[in-house]
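Report on the following structure.
FYI, side chains are in, hydrogens and waters are out, and symmetry mates aren't considered; it's all heavy atoms of this structure. Just so we're on the same page: letters track the sequence lines, and every chain starts at 1.
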Amino acid sequence: MLSKVYAPGPVEAKWAEAWQKDRLFISEPSPDRKPFVVVIPPPNITGALHIGHALNNTLQDVLVRYARMRGREACWVPGTDHGGIATQNVLEKMLKAEGKTRHDLGREEFLKRTWAWYGECGGTILGQLRKLGCALDLGQENVRFTMDKPRAAGVFEAFRSLWEKSLIYRSERMINWCTRCGTALSDIEVEYEDEKSKLWHIRYPYEDGAGSVTVATSRPETLLGDTAVAVNPEDGRYKGLAGKKLKLPLTGRLIPLVADEGVEKDFGTGAVKVTPAHDPLDFEIGQRHKLEVLRVISYEGRMVNCPAEYEGLSVQAARKAVVEALDAAGLLEKEEHYKHSVSKCSRCLSHIEPLVSEQWFVKMKGLAAPAIEAAEKEKVRFYPSSWKKPFTAWLGNIQDWCISRQIWWGHRIPVWYCRSCSADGLKFDDKGALSRVSFADGARPIVSQDKPSSCGACGGHDLLQDPDVLDTWFSSALWPFSVFGWPEKTKELDYYYPTSVLVTCYDILYLWVARMVMSGLEHMGRPPFEQVYVHGMVRDKHGRKMSKSIGNVIDPLVMMEKYGTDAMRFSLMAQTMGGRDVPFSEEGIIGGRNFVNKLYNAARFIQLYLPEKPGPLKTEPPRELADRWILERYAEALRKSEASMAEYDLPKAQDALYAFVWDEFCDWYLELAKPRLQGPGKEKVLALMLELFSGALKALHPFMPYITEELYASLKPYLERPGDYLLKQRRPEISGTGTGATAEMEELMGMITQLRVARAQFEIPPGKTIKALAASADAAALERLRAGAAYVKLLAKVEELEIGRDLPKPPRAISALSGAFTLYVPMEGAVDLEKEKARLAKELEKARKDGEQALSRLNDPAFTAHAPKAEVEKIKARSEEMSGKISRLTAILEELK
RNA sequence: GCGCGGUUAGCUCAGCGGUAGAGCGCCUCUCUUACACAGAGGAUGCCACAGGUUCAAAUCCUGUACCGCGCACCA
């Protein structure tokens with residue numbers, strides 16, 4: 001006999017290995033079958049997978065397994081992402097522990113280390129996906145990486161093609177600079193956070209001594225880089241003053257007062273200091289008025305190009321020093337408390353400095369337009385659909401994408417400069433390496449993946465590659481087609497593209513999904529997927545983000561170890577409600593574990609009765625009510641489950657099967673089958689039981705692959721059509737609905753429940769059998785009860801059930817109503833009359849209330865005139881039922897007096 | 001400021017026009033030969049608030065409040 005409690009560990013290991021060994025997850029282009037294709041959102045190689053990955057991949061696995069079991073050529077493409085800045089940060093942290101920086105190693109050595117890390121971490125991630133049960137072909141040749149050779153070829157082709165269409169350009173513009181990461185970022189990689197600060201009002205005196213203009217600022221230190229003060233041209237306070245010169249405090253530099261419509265009259269003092277090098281709005285104003293762009297904050301976040309006392313100070317220190325100096329000079333008019341949002345690096349949370357810098361950009365407006373159209377025309381459809389609007393709105397607002405990063409780990413920008421042609425713009429670090437590029441107007445660098453042999457213009461050979469790398473999302477954006485070998489015209493690309501559905505958390509909808517849609521349309525001419533399944537973020541059970549500092553992080557690996565993978569997957573699914581965040585806790589997994597154990601024990605129960613000699617049991621048409629009933633419930637569960645899958649409502653699809661297995665199959669059918677398994681019809685009952693249970697295992701397999709495979713394998717020798725691995729089988733057919741067995745069975749179930757309630761209330765020990773009488777004036781109901789009496793006897797522990805039209809209430813009996821029946825349970829000792837009366841009175845009261853309500857509705861002519869006929873009939877029936885109940889209860893109560 | 005979600009049992013959430021549901025937790029009884037990771041029974045809800053539409057509203061509409069999340073602004 002097997003253990004009472006299921007032990008997932010060894011079972012999971014066994015099947016994970018078997019599935020991989022038998023290459024169960026491979027897919028090949030099969031033109032005769034419709035493909036179902038999913039590309040994995042490639043996890044960054046930054047460490048172990050977290051619970052969000054577990055959710056994301058479980059959802060995909062369910063969809064992929066489900067599709068496969070419905071005969072689709074399902075292909076789920078595995079891979080990992082090099083993760084640019086994120087991964088470089090991990091490596092730099094490791095170096096820091098050794099007391100080193102990446103510059104100590106040098107670029108080449110640093111990259112070597114990072115590749116080694118990829119080997120290690122990539123393997124760990126794949127192992128975790130495998131453990132999670134993912135139906136991914138993890139054969140070495142099949143796993144893609146955003147920086148492997150074929151993907152690098154794709155990146156180059158995308159760059160080249162955009163460059164040739166002039167959609168990629170290099171220019172000096174305002175960008176977000178993370179002083180900690182030491183690189184430019186795109187707008188979307190910046191987060192905003194409210195911060196309490198101050199608004200300083202500072203006087204800027206006129207050159208001619210005629211008073212001063214007061215500006216309000218939250219960043220006084222940037223004053224050192226001011227090249228103007230701006231006011232609104234419509235502002236009466238400054239009428240006619242534009243063009244006058246002001247003396248910039250602390251430096252004495254003369255700057256103009258300009259009139260610009262970008263200035264709000266009503267904000268602050270109506271006058272704004274203009275620092276074109278360090279503020280996006282000021283940059284625009286500067287462009288309009290051809291102001292000098294004076295950089296006073298360096299890439300390291302320190303003050304430069306300013307009076308000696310501030311030179312080299314951090315931004316924070318400079319702020320303090322500037323405010324103090326202004327105060328001392330009597331130029332500080334006032335300080336106000338002020339709340340404003342500051343920009344932070346989404347990766348390291350350091351402050352972002354907006355600054356002007358020369359970078360590579362992709363022109364986005366033209367790329368976004370077709371993507372917006374695709375979403376609007378539902379060529380790309382969102383689940384839940386509420387994501388469509390934010391998606392198109394974001395694309396509609398899109399700015400050019402800064403794609404160059406001043407880091408080392410990533411796809412090097414495939415651009416080369418000729419030292420003799422463009423020497424002016426090239427800057428070198430102290431080791432002689434090209435550190436910054438700034439090329440003159442009209443200079444055309446060479447775009448090439450490998451080092452070109454010579455310069456096309458001058459024939460020179462002294463060629464240097466751009467030092468920067470591409471934003472990691474540049475390669476991710478190509479993922480749905482680069483994984484199939486693009487730009488090569490492979491048969492995989494031809495067969496699998498476009499993919500079917502993309503499953504992702506909403507946090508990378510713009511960062512990644514939008515860019516994939518744009519590049520799919522641009523490079524392939526078609527959107528990369530038909531559907532986008534958007535799920536939420538996994539949070540703790542109170543909705544808080546999981547974080548190390550709160551200590552509420554749930555490690556999926558630990559949970560899988562502790563409760564089993566199926567249990568974790570099940571619970572994760574059960575909590576995932578349409579696109580919103582997923583509350584999750586360890587207690588939640590226990591529910592899943594319990595269900596896995598329930599399945600295991602149901603199988604154990606069936607096995608108890610299986611003949612010793614294995615061999616298929618022949619199924620036969622169902623013979624009695626319970627059989628017809630359970631078949632109907634089974635069909636209904638499968639139907640519901642499939643309908644929910646079609647709407648991508650995975651938790652509901654899972655729940656329909658869960659409820660069937662637990663509440664119907666186990667709680668009722670198995671219980672009813674117990675005596676039948678002792679008698680002569682045993683084999684036939686077993687055969688049906690096996691058919692339904694193995695069918696339920698098939699239907700549940702996408703959700704909980706391990707336990708279902710394990711149990712199915714153990715029952716296989718007894719099945720008529722055993723089949724292979726579950727994944728290679730078809731889902732069970734739906735049949736046997738509409739026999740009316742459900743209503744008939746429910747009548748009996750109701751009676752059983754009534755008897756159980758009576759037993760519980762009058763404390764009849766569960767083991768003790770009772771006598772019962774069931775009286776009814778309804779001849780058909782009596783007939784039905786006679787047919788089903790055995791069920792009542794069995795499940796309500798009734799040893800003698802008397803059924804008849806006019807059965808008198810025995811003395812010392814308790815009474816109950818069930819549908820058309822009045823039930824009496826004779827008691828051995830005295831009946832607690834008060835308790836009985838109270839109980840019946842309560843019932844009576846409820847029946848009266850319901851009856852009155854029904855009657856008043858029926859008496860309302862508006863209701864009978866407007867409501868659908870079926871509804872009126874329903875209320876009529878209820879009213880009749882209640883009046884019957886009332887008279888029966890009244891009679892019983894009368895007798896008790 | 002604009003937008004999107006939410007507000008239902010102690011907790012986490014379903015339900016989205018016809019008499020309020022699940023899981024977990026709680027209470028009572030039971031270790032009955034599948035399962036105590038279980039079974040049987042039970043308690044618990046002005047379905048945020050205010051209006052409206054409708055024969056009928058938790059469900060549709062409008063507004064309010066509160067909570068969350070985006071986006072924009074932020075001198």
Taking B:G41, B:C55, B:A34 as options, the one with an atom nearest any side-chain atom of A:A760 is B:G41

B:C37 -> Watson-Crick or G-U wobble partner, both distances under 3.5 Å, gives none

*Within less than 4.0 Å of OP1 or OP2 of B:G39, is there a side-chain N or O belonging to A:K598?*
yes

Between A:P220 and A:I202 the two heavy atoms that sit nearest each other are CB-CD1, 4.2 Å

A:R839 atom CZ is separated from B:G42 atom C1', nearest whole Å, by 13 Å

Describe the nucleic acid contact of A:E587 in one word from base, sugar-phosphate, nothing, applying a heavy-atom distance below 4.0 Å.
-> nothing

Check your understanding: Counting any heavy atom closer than 4.0 Å, what does A:R756 reach on the DNA or RNA strands: base, sugar-phosphate only, or nothing?
Key -> sugar-phosphate

Let me check something: any side-chain donor-acceptor pairs from residues 657-674 of chain A under 3.5 Å, sequence neighbours excluded? List them with distances.
from, atom 1, to, atom 2, distance (Å)
A:E664, OE2, A:R633, NE, 3.1
A:Y669, OH, A:D627, OD1, 2.6
A:E671, OE1, A:K674, NZ, 3.2
A:E671, OE2, A:K674, NZ, 3.2

For B:C69, the nucleotide meeting Watson-Crick or G-U wobble distances (both under 3.5 Å) is B:G3

By the Watson-Crick or G-U definition, both distances under 3.5 Å, B:G23 is matched with B:C11

Regarding the side chain of A:R604, the nearest nucleotide among B:A34, B:C74, B:C37 is B:A34

Ranking B:A40, B:C73, B:G23 by distance to the side chain of A:D667, first place goes to B:A40

A:F863 has its side chain closest, among B:C35, B:G41, B:G18, to B:G18

Using a 4.0 Å heavy-atom cut-off, does A:D279 contact any base of the nucleic acid, only the sugar-phosphate backbone, or nothing at all? sugar-phosphate

Check whether any side-chain nitrogen or oxygen of A:R857 sits under 4.0 Å from OP1 or OP2 of B:C55, and answer yes or no.
no

**Asked** So what does A:L199 hit on the nucleic acid, given a heavy-atom distance under 4.0 Å: a base, only sugar-phosphate, or nothing?
**Response** sugar-phosphate

note: A:Y669, atom OH; B:A34, atom P; distance rounded to Å ~ 16 Å

What pairs of nitrogen or oxygen atoms, one from the protein and one from nucleotides 2-12 of chain B, lie under 3.5 Å apart?
from, atom 1, to, atom 2, distance (Å)
B:U12, O2', A:Q575, NE2, 3.0

Q) Can the positive tip of A:K682 be found less than 6.0 Å from the middle of the six-membered ring of A:Y609, inside 45° of the ring normal? A) no

In whole angstrom, give me the gap between the C1' atoms of B:U28 and B:C67. 38 Å

If you measure from the P atom in B:U12 to the same atom in B:G1, how many Å do you get, rounded? 29 Å

Problem - Separation between the C1' atoms of B:A58 and B:U8, rounded to whole Å - result: 7 Å

With the side chain defined as heavy atoms from C-beta on, A:N594 is closest, among B:A34, B:C55, B:A38, to B:A38

Applying the 3.5 Å cut-off to both distances, the Watson-Crick or G-U partner of B:U59 turns out to be none

- Query: Contact class for A:Y6 (heavy atom, under 4.0 Å): base, sugar-phosphate, or nothing?
  - Reply: nothing

With the side chain defined as heavy atoms from C-beta on, A:V757 is closest, among B:G42, B:A72, B:G23, to B:G42

*Is the side chain of A:T217 donor-acceptor paired with the backbone N or O of A:R219 at a distance under 3.5 Å, no angle test?*
yes

query = Which is true for A:V274 with a 4.0 Å heavy-atom rule: it touches a base, it touches only sugar-phosphate, or it touches nothing?
reply = nothing

inquiry  = Check the phosphate of B:A38 against A:N597, side-chain N and O only, distance under 4.0 Å to OP1 or OP2. Yes or no?
reply    = no

Rounded to whole Å, the CD-C1' distance (A:E193 to B:C74) equals 15 Å

Review point. Has the side chain of A:T753 got a donor or acceptor atom that lies under 3.5 Å from a matching backbone atom of A:M749?
Key: yes

Testing B:U19, B:C55, B:G41 for proximity to the side chain of A:Q853, the answer is B:U19

Could you check whether A:T753 gets within reach of a base, just the sugar-phosphate, or nothing at all, counting any heavy atom under 4.0 Å? sugar-phosphate

Is any side-chain N or O of A:K4 under 3.5 Å from a base N or O of B:C35, one able to act as donor and the other as acceptor?
-> no

Remember a base hit wins even if backbone is also touched, and classify A:P868 as base, sugar-phosphate or nothing at under 4.0 Å, heavy atoms.
base

Item to check | B:G45 to B:C35 separation - C1' atoms, rounded to the nearest Å | outcome: 33 Å

Taking a pair to mean Watson-Crick or G-U wobble geometry with both distances below 3.5 Å, B:C31 pairs with none

Answer for the Watson-Crick or wobble partner of B:A43, both distances under 3.5 Å, is none

note: A:Q654, atom CD; B:C13, atom C1'; distance rounded to Å ~ 15 Å

- Task: Quick one: label A:W662 by what it contacts on the DNA or RNA (base, sugar-phosphate, nothing), any heavy atom closer than 4.0 Å.
- Result: sugar-phosphate

Are A:K652 and A:E647 ion-paired here, with the side-chain N under 4.0 Å from a carboxylate O?
-> no

note: A:D540, atom CG; B:C13, atom C1'; distance rounded to Å ~ 15 Å

### Query
Does the B:A34 base have a donor-acceptor partner in the side chain of A:E671 within less than 3.5 Å?
yes

pair_partner(B:U64), Watson-Crick or wobble, both distances < 3.5 Å, evaluates to B:A48

Backbone of A:V263 reached by a side-chain donor or acceptor of A:N232 within 3.5 Å:
yes

Notebook entry, point to check: Any chance the side chains of A:H201 and A:E336 put a donor and an acceptor closer than 3.5 Å?
Noted result: yes

Margin query: For the C1' atoms, the ones on B:G68 and on B:U59, what distance do you get once it is rounded to whole angstrom?
Written below: 23 Å

Rounded to whole Å, the NZ-P distance (A:K198 to B:C74) equals 22 Å

State plainly whether the residues A:R839 and A:E836 are in salt-bridge range, i.e. N to O under 4.0 Å.
yes

| said: By the 4.0 Å heavy-atom rule, please label A:I606 as base, sugar-phosphate, or nothing. | reply: nothing

| said: Can you check the distance between B:G18 and B:C13, where both ends of the measurement are the C1' atom (answer in whole Å)? | reply: 24 Å

Is a side-chain N or O of A:D581 found less than 3.5 angstrom from the main chain of A:R539, in a donor-acceptor match?
no

Q) Expressed as a whole number of Å, how far does the C1' atom of B:C55 sit from that of B:U19? A) 16 Å

**Asked** Just checking A:R878: base, sugar-phosphate only, or nothing, at a heavy-atom cut-off of under 4.0 Å?
**Response** base

Original post:
So what does A:D282 hit on the nucleic acid, given a heavy-atom distance under 4.0 Å: a base, only sugar-phosphate, or nothing?
Top reply: nothing

Does a side-chain N or O of A:K674 approach OP1 or OP2 of B:A34 to a distance below 4.0 Å, or not? yes

Query raised in the report: Between A:R203 and A:E333, does at least one N-O distance fall below 4.0 Å, as a salt bridge requires?
Result: yes

Residues 864-882 of chain A, side-chain donor-acceptor partners within the protein, below 3.5 Å, at least two apart:
from, atom 1, to, atom 2, distance (Å)
A:T864, OG1, A:D860, O, 3.4
A:T864, OG1, A:P861, O, 3.1

- Item | Donor-acceptor pair present, A:S218 side chain and B:C74 base, under 3.5 Å | no

Testing B:A43, B:G41, B:C55 for proximity to the side chain of A:H866, the answer is B:C55

- Task: Would you indicate what A:D860 reaches in the nucleic acid, counting non-hydrogen atoms under 4.0 angstrom: base, sugar-phosphate, or nothing?
- Result: sugar-phosphate

Discussion item. Classify A:R759 by what it touches in the nucleic acid, base, sugar-phosphate, or nothing, heavy-atom distance under 4.0 Å.
Written reply: nothing

